[in-house]
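Here the structure comes first, spelled out in structure tokens, and everything after it is commentary.
Heavy-atom basis, side chains included; hydrogens, waters and symmetry copies ignored. Remember, predicted model here, so these are calculated numbers, not experimental data.
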Amino acid sequence: MIFSKKLINWYSVNKRDLPWRNTTNPYHIWLSEIILQQTQVNQGLPFYDAFITNFPSVFDLAVAKESEVLKLWQGLGYYSRARNLHASAKYVANDLNGVFPNTYKDLLKLKGVGDYTASAIASFCFNEATPVVDGNVYRVLSRYYGIDTPINSSKGAKEFKDLAHELIDEKQPSAFNQAIMEFGAIQCKPKNPDCEVCVFQESCFAFRNNKIGELPVKIKSAKAKKKYFNFLVFIDESGNTILEQREGKGIWQNLFQFPLVESNSNLDTKGFETVIQSQDLLSGQDYSWRLYNKEPIVHKLSHQHLYTNFWIVNVKTLKGETIPVENIRDYAVPILIGNFIENFNF
DNA sequence: AAATCGGGGTT
DNA sequence: AACCCAGATTT
């Protein structure tokens, strides 16, 4: 039996029942695909439900404030997805009268929609035979065909995309694309794949040659750099604190945080005294401070390991823009801050 | 081509 | 600790 036929048969028996599989509404499919970028199904599911509930149509999303969208996205990570999602919703609602682009080529014009996502929407919603190549597809194809080109190289991207294009069932591209991803996600897993019950066992290169553990090949990325973050949690006698909105290019763009001082190493008491005395918003006032955490809280991101201290600083009055602590949960914050807020007794 | 952008889960 | 996830964008 040919590859696609066998795969789709496997899918019809083994597929999970997921909410975005019961619709071809491009708004819903688009939402699900953005949420699922570099995100496992179980992590994305509650966010998908929340977005459908809060923004039932692309118009509802378009008229929302970015702050609302970011708040709903809080905890999911890769926040440019939320900003691009919002910008694209405005584009579809305002420039396209709410009608979603219906071809791969036009879908690519949406911010945050790249090759994978355009292919997914075009095939799932509009039956266009555009192959999806996500992490699952790389793994399935590299093992089955014994391809050792690094999947995260330009050469690999083209090679696997071309192969997927040859394999796709032109008459049912949606089923083929979803099937190959689902097969990679729940059977041809990265570790301990279920080869003993695999319908491709006799014809799989990696299984026949005992190379399951060596495929796919991936170029290793650089190790994460250490950073030292000191958040200044100011509290005045009226129960106000200070949150600032992050700007610029780095992580957590447009999210809120306590005033941040980055240091070159973990600050001790003496080091913090130097920092706090340079805070001009204290301007001569009496203050007292304590370190919330005994050891730095290590927050691991893909490219940075953040060694974090929360310094609690009590003062009589705060100058500048303050917020009442009871409103602090209205702001979109990185989960590192969110966890602190949940655990700290303001 | 390489770096950046999160957070959670598995091994 | 290393690796992975329904990747996209910037450098």
- Mapping I251(A) and S153(A) to their closest nucleotides on DNA chain B, which lands nearer the 5' end? S153(A)
- Sugar-phosphate, base or nothing in reach of K189(A), heavy atoms under 4.0 Å: nothing
- Task: Check every strand shown and say whether Q304(A) touches a base, only sugar-phosphate, or nothing at a heavy-atom separation below 4.0 Å.
- Result: sugar-phosphate
- Message: Can you work out whether A222(A) or N192(A) has the more 5'-proximal nearest nucleotide on DNA chain B?
- Response: A222(A)
- Does any non-hydrogen side-chain atom of F344(A) lie less than 4.5 Å from one of I312(A)? yes
- Could you check F176(A), Y144(A), Y11(A), F200(A) and say which one makes a ring pair (Phe, Tyr, Trp, His ring centres under 6.0 Å) with F183(A)? F200(A)
- Item | Contact letters for nucleotides 2-7 of chain C, in which S counts primed atoms plus P, OP1 and OP2 and B counts the base, heavy atoms under 4.0 Å | -SSBBB
- Counting side-chain heavy atoms from C-beta on, which of dG6(B), dT11(C), dG8(B) comes nearest to I335(A)? dG8(B)
- Look at the aromatic rings of Y27(A) and F100(A) and report parallel, tilted or perpendicular, splitting at 30° and 60°. tilted
- Message: Students often get this wrong, so: under 4.0 angstrom with heavy atoms, is I34(A) touching a base, only sugar-phosphate, or nothing?
- Response: nothing
- Item | Among dC5(B), dG7(B), dT9(C), the nucleotide that comes nearest once only the side chain of P334(A) is considered | dG7(B)
- Query: With a non-hydrogen cut-off below 4.0 angstrom, is V137(A) in contact with a base, only sugar-phosphate, or nothing?
  - Reply: nothing
- How is G44(A) classified with respect to the nucleic acid when contacts are heavy atoms under 4.0 Å: base, sugar-phosphate, or nothing? nothing
- Message: Can you tell me if K300(A) touches the phosphate of dA1(C), counting only side-chain N or O atoms and a distance under 4.0 Å to OP1 or OP2?
- Response: yes
- Item | N/O (side chain, W252(A)) to phosphate O (OP1/OP2, dG7(B)) under 4.0 Å | yes
- Message: Please tell me if H299(A) has a side-chain N or O lying less than 4.0 Å from either OP1 or OP2 of dG7(B).
- Response: yes
